[in-house]
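The next block holds one structure in the form of structure tokens; read it before the comments.
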Amino acid sequence: MKATTGRRRGRTRATAAALCLLAGALGAAASAGPPAAALTAPVSITADDLSTWQTNGIVWSMAASADGVVYAGGTFSTVRPPGAASGTSEEPAVNFAAFDTATGAPTDCSLSFTLSSGTATVRSLVLSPDGETLYAGGRFGAVNGVGVSNIAAIDTATCTPRQDFKVAVSATVRALAVTDDTVYLGGDFKSVAGQTRNYFAAVTTGATLKPWTANADEVGRAVELTPDGRHVVLGGDFFTVNGTSSHALAVVNTTTGALDRSYPGFIPNTSTVQDLTSDAKQFYTANEGTGGGVFDGRIALDLTTLNQVWRDTCLGATQAVLVHNGVLYSGSHAHDCASMGEFPDQPRKHLLAQSVDDPKLLPWFPDTNDGIGEPVGPRVMAQTDKGGRHYLWVGGEFTTVNSKAQQGLTRFADGPDTGAPWVPNVSVSTVAPGKVDVNWQTSFDTDDGTLTYRIYKDGASTPVHTTTGYSVFWDRPQLRWTDTDVAPGETHTYRITASDGTNTSAKSPAVSATVADKAESYPARVLSDGASLYWRYDEGTSTFAADTGAGLDNGFLRNTPSYRQTPAAVSGPSTAIGFNGSTQYAYSNRGRSDTTRFSVETWIRTTTTKGGKIIGFGSNTLELSGKYDKHVYMLNNGRLTFGTSNNGGQTVSTTGAYNDGAWHHVVATQGSGGMALYVDGQLRAVHPLYTKNQSYTGYWRVGGDNLASWPNRPTSNFFAGQIDETAVYPTALTAAQVSAHYALRNSG
């Protein structure tokens with residue numbers, strides 16, 4: 001039995017077979033938890049969007065033919081050239097258009113899907129296995145004036161509706177799949193051809209209702225035929241199929257509709273299946289949820305056992321999935337993948353890629369916006385080839401692609417790669433004598449994880465050092481190279497480029513360092529006492545706070561704080577940083593979970609009367625944290641409070657105020673001896689019984705974060721003032737160590 005499927009996307013049989021073979025060939029290379037750098041190999045589609053015509057509304061469905069035509073359906077009335085603003089250079093296209101996959105321009109196939117009253121829409125397109133018929137489902141009553149009832153068949157050779165395919169479907173058709181002789185459909189309907197069919201049905205390609213029965217109790221949104229032709233996978237909102245409990249996902253027999261596998265409790269009741277796709281080994285679900293406890297990610301299931309292989313737990317309403325070259329591409333508005341060790345609380349990312357064998361995100365990050373309508377952004381994907389190139393098309397309700405105006409449609413291909421990595425952020429340090437530490441924040445490239453870095457010294461055209469590093473947008477670890485070919489008193493400059501192997505960034509702005517002849521006393525003591533994070537804030541006009549220590553846990557500076565503030569807290573060639581008390585802060589690149597014993601240390605200078613968090617541990621990076629403790633904050637009156645959580649807040653506070661405009665040294669510790677708060681080298685508050693804190697994965701934040709529900713909560717969550725020499729330790733510093741640090745403030 002030859003079959004093609006499509007809810008809002010379609011493939012020809014030949015293309016599907018090719019994808020399956022490629023997936024099998026590449027699957028082994030992506031399995032068994034490869035190191036991060038190896039994960040770049042499977043992604044063959046670049047993140048560079050190609051010039052593509054646009055729609056003036058939402059694209060809900062696509063199907064791609066073997067000869068390079070992409071059919072798009074949805075809720076729109078015109079198309080316009082790339083770069084044209086909405087309302088300009090428009091051509092009529094009533095809920096349907098066809099495009100050349102290689103050029104992105106319309107073909108001469110023009111169809112009009114209409115409804116006598118209300119809004120017509122095309123919600124599903126799929127091609128027959130031989131490519132000669134395009135089946136369309138949605139909410140419409142006519143195609144080019146020919147009366148139909150929510151489903152139609154189009155002769156692709158003539159681009160005209162088939163008069164011999166007339167089936168009355170009582171409501172919207174949202175999903176279609178087709179074999180040589182059968183069309184399976186899912187949607188909102190409860191009758192087909194005058195007979196009861198609840199949300200799923202099957203008709204012959206000659207438009208006769210089949211006895212096949214897979215009655216559900218809620219809307220059907222996705223239909224996928226398994227490659228062996230034995231099963232139909234159903235997705236939607238339902239809780240039962242043929243009277244058996246199976247929420248959102250079920251596998252039924254292609255001949256009878258009888259359940260082959262039910263999935264009660266497999267997907268939370270708050271979530272639904274929006275799309276399905278498959279390759280030679282597995283099928284995949286796209287899931288969307290509403291409310292608490294939702295599942296918004298993707299699931300891979302084995303086609304033989306019908307059991308789960310993996311699932312990711314990203315939050316963000318997945319709408320579309322498609323497999324190409326061993327990679328599962330998806331459209332969503334993912335905003336939090338921290339639960340699977342990926343990005344936390346980031347702005348929405350709408351296009352993602354994963355190996356078919358592993359849910360770990362691959363380094364492929366083109367992006368759209370949410371756009372118009374509900375909104376989500378991408379709604380459908382399609383893939384086809386032409387002229388030796390592979391094309392991935394994306395449709396939806398977005399109005400921008402890669403930050404440029406582009407509505408409804410976009411496309412990507414397997415080359416050429418034209419996007420260069422970001423220019424690296426660079427800092428230098430001369431804490432130790434006779435050498436220069438060159439530190440940089442690894443860069444970001446939208447479709448490459450492993451980048452090559454070249455360091456140029458003193459204006460030379462040949463690099464003095466070359467290395468590689470792996471990074472993605474939420475994890476840009478710090479790298480370091482130490483230049484020992486220097487002498488005390490010399491001044492040297494350094495610049496760095498990042499390359500993806502094809503494109504190279506511009507050189508970073510030159511940074512200079514004068515080689516020291518002796519160690520700086522204060523930072524040397526901080527490092528010798530075991531700081532696992534040490535930010536000195538000596539960078540200028542950068543988002544990068546370099547970690548001076550061996551931990552290389554660099555900070556991200558948010559919303560442009562005031563760099564290179566003087567005088568600094570300690571003597572020597574160092575500067576401080578200033579925060580505005582409303583939006584500016586820093587957070588650590590590395591998430592941590594083992595914080596049972598710790599010390600935080602920093603210097604502050606302020607005259608604020610609104611208080612704010614100085615340093616703390618929070619679950620989020622780009623938003624106020626949902627979990628937050630292990631923090632020091634200032635009250636409106638200038639007093640300091642140190643708080644941790646252990647089934648409730650535990651705090652100790654100073655009696656004195658420290659918003660007098662002078663530099664103050666602040667250290668907070670927790671360990672087996674309880675909690676202690678030191679200011680200016682002296683113990684100011686202590687509680688020996690507070691030995692535990694809340695356990696969660698989080699990030700060190702400086703300058704601001706949530707303070708809701710904490711005692712004497714100040715007016716502001718954010719600290720207004722200067723901060724310098726921030727250090728975090730995996731142990732509780734002793735009183736002697738704290739006193740020694742304070743004593744070294746003027747030692748140079």
Side-chain angles (χ1 to χ4, degrees), residues 424-433 435-441 477-483 494 511-516 518-558 560-579 584-590 599-605 614-615 632 663-667 700-703 719 721-729 733 737-738 740-748:
N425 294 317
V426 184
S427 177
V428 289
S429 174
T430 57
V431 169
K435 63 180 183 179
V436 177
D437 285 336
V438 182
N439 300 290
W440 68 98
Q441 187 178 45
Q478 179 178 327
L479 296 179
R480 174 180 295 154
W481 173 71
T482 300
D483 187 1
Y494 303 88
V511 293
S512 62
T514 300
V515 184
K518 64 177 183 178
E520 293 182 56
S521 300
Y522 182 89
R525 183 60 189 265
V526 168
L527 295 173
S528 68
D529 281 342
S532 57
L533 176 156
Y534 183 22
W535 300 341
R536 304 200 69 199
Y537 308 112
D538 295 338
E539 300 75 26
T541 61
S542 164
T543 61
F544 172 47
D547 186 352
T548 304
L552 299 180
D553 190 3
N554 58 287
F556 285 81
L557 302 175
R558 293 284 295 162
T560 319
S562 300
Y563 307 100
R564 293 184 176 171
Q565 299 288 289
T566 56
V570 300
S571 61
S574 184
T575 60
I577 196 165
F579 295 104
Q584 297 168 345
Y585 64 97
Y587 66 89
S588 63
N589 180 72
R590 187 178 306 148
S599 300
V600 292
E601 175 181 37
T602 198
W603 291 76
I604 62 168
R605 182 168 70 168
I614 296 165
I615 185 170
V632 177
W663 278 111
H664 294 286
H665 180 235
V666 180
V667 179
W700 291 108
R701 290 182 52 147
V702 174
F719 179 76
Q722 293 175 330
I723 292 181
D724 201 6
E725 304 291 333
T726 299
V728 177
Y729 304 80
L733 294 176
Q737 288 174 310
V738 173
H741 289 197
Y742 180 67
L744 289 171
R745 66 193 183 280
N746 295 319
S747 61

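Predicted model, so just to flag it, every value in this text is computed and none were measured.
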query = Cationic tip of Arg701 within the cone over Tyr587's six-membered ring, i.e. under 6.0 Å and within 45° of the normal?
reply =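 Not satisfied by the 6.0 Å and 45° rule.
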Looking at side-chain heavy atoms only, is the closest gap between [X] and [Y] below 4.5 Å?
X	Y	answer
Leu533	Ser588	yes
Val666	Val632	yes
Glu539	Thr575	no
His665	His741	yes
Gln441	Thr543	yes
Phe719	Ile604	yes
Arg536	Val431	yes
Phe544	Gln478	yes

ask   = When Val702 is tested against each of Ile577, Thr726, Val728, Val600 for side-chain contact (heavy atoms from CB on, under 4.5 Å), which residue passes?
value = Thr726
ask   = Do the side-chain N and O atoms of Asp538 and Tyr563 include a donor-acceptor pair separated by under 3.5 angstrom?
value = no
query = Can a donor-acceptor pair be found between the side chains of Ser427 and Asn439 at a distance below 3.5 Å?
reply =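 There is no such pair between these side chains.
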Any donor and acceptor pair, going by atom type alone, linking the side chain of [X] with main-chain N or O of [Y] inside 3.5 Å?
X	Y	value
Ser599	Leu733	yes
Trp535	Asp553	yes
Asp547	Asn554	no
Trp663	Gln722	no

Interatomic spacing from [atom1] in [X] to [atom2] in [Y] - rounded to 0.5 Å:
X	Y	atom1	atom2	answer
Arg558	Phe579	CZ	CZ	12.5 Å
Glu520	Ser574	CD	OG	7.0 Å
Tyr742	Glu601	OH	CD	12.5 Å

Residue pair [X] / [Y]: nearest heavy atoms and the distance that separates them:
X	Y	value
Ala576	Ile723	CB-O, 3.6 Å
Leu527	Gly549	CD2-CA, 3.5 Å
Leu744	Ser521	CD1-O, 3.8 Å

request  = Fit a plane to each ring of Trp603 and Tyr522, take the angle between them on a 0 to 90° scale, and name the class: parallel (under 30°), tilted (30 to 60°) or perpendicular (over 60°).
outcome  = perpendicular
task = Kindly indicate, with the supporting measurements, whether the criterion side chain to side chain contact (heavy atoms under 4.5 Å, CB included) is fulfilled by Val570 and Asn746.
result = CA-CA 6 Å; Val570 300; Asn746 295 319; over 6 Å; no
task = Show the numbers, then the answer: is there a side chain to side chain contact (heavy atoms under 4.5 Å, CB included) between Trp440 and Asn425?
result = CA-CA 5 Å; Trp440 68 98; Asn425 294 317; over 6 Å; no
key: Stepwise side-chain hydrogen bond (donor to acceptor under 3.5 Å, both in side chains) check, Asp483 with Tyr494   = CA-CA 10 Å; Asp483 187 1; Tyr494 303 88; 2.7 Å; yes
task = Could you check Ile614 against Thr602 for side chain to side chain contact (heavy atoms under 4.5 Å, CB included), going step by step and ending with a plain yes or no?
result = CA-CA 9 Å; Ile614 296 165; Thr602 198; 3.8 Å; yes
ask   = Do NZ/NE/NH1/NH2 and the carboxylate oxygens of Arg745 and Glu725 come within less than 4.0 Å?
value = no
key: Residues Arg525, Gln737; criterion side chain to side chain contact (heavy atoms under 4.5 Å, CB included); working and verdict   = CA-CA 9 Å; Arg525 183 60 189 265; Gln737 288 174 310; 4.2 Å; yes
